[in-house]
Amino acid sequence: MSSLFVFDTNGLVSASLIGGTTTAKALDRAIILGKLTFSNATMDEFIEVLFRKKFDRYFLNDEEKWRTIGRITLNAEFFFTKETITACRDPKDNKFLELAVAAKASCIITGDSDLLILHPFREIPIVNASDFLEMKF
């Protein structure tokens with residue numbers, strides 16, 4: 001069974017927009033090692049954020065945004081979250097914990113201090129992109 005990885009939305013958007021960054025390298029490594037994971041809630045948020053006006057300068061048009069989403073989902077597995085989790089001090093981030101638990105994820109990759117402070121969560125490591133690049137799988 002391959003490893004499963006949860007990226008928070010900011011990390012995923014950042015890695016999708018700007019190649020060569022630590023976060024982009026972490027995304028590439030996650031795809032090489034296994035699969036990305038999404039729930040309906042995490043995918044909906046990724047799409048909503050990617051289509052914000054402030055990111056238009058990174059794309060020629062909406063079709064290019066959809067191609068980016070398509071590339072991400074080619075390397076993804078979707079999970080239904082069964083448990084409501086309220087452990088994060090930012091309630092909007094609980095969906096990543098719910099996904100990680102449902103997917104039995106190998107780790108959560110994030111730069112969000114509201115998630116990082118919970119490391120590890122139910123034995124699931126929560127790490128930033130640079131620490132992820134150093135992890136052994």
Side-chain heavy atoms of [X] within contact of [Y], under 4.5 Å:
X    : Y    : answer
V101 : F121 : yes
T23  : I18  : no
L50  : I69  : yes
C88  : L115 : yes
V6   : F38  : no
I108 : D8   : no

Quick one: CG on L36 to CE on M43, what's the gap to the nearest 0.5 Å?
->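 Atom-to-atom, L36:CG and M43:CE are 8.5 Å apart.
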Kindly say whether the aromatic ring centers of [X] and [Y] come within a distance under 6.0 Å.
X    : Y    : result
W66  : F51  : yes
F96  : F7   : no
F137 : F132 : yes

Before accepting this row, confirm whether a basic side-chain N of the pair D62/K65 lies closer than 4.0 Å to the acidic partner's carboxylate O.
->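 Result for this pair is yes, salt bridge flagged.
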Are any of the side-chain nitrogens in R122 or E83 under 4.0 Å away from the carboxylate oxygens of its partner?
->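 A salt bridge links R122 with E83.
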Stepwise side-chain contact (heavy atoms from CB on, under 4.5 Å) test for F80 and S39 | CA-CA 6 Å; F80 289 101; S39 63; over 6 Å; no
Flag for E45-T9: side-chain donor and acceptor within less than 3.5 Å |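 Looking only at side-chain atoms, E45 and T9 do form a donor-acceptor pair, the distance falling under 3.5 Å.
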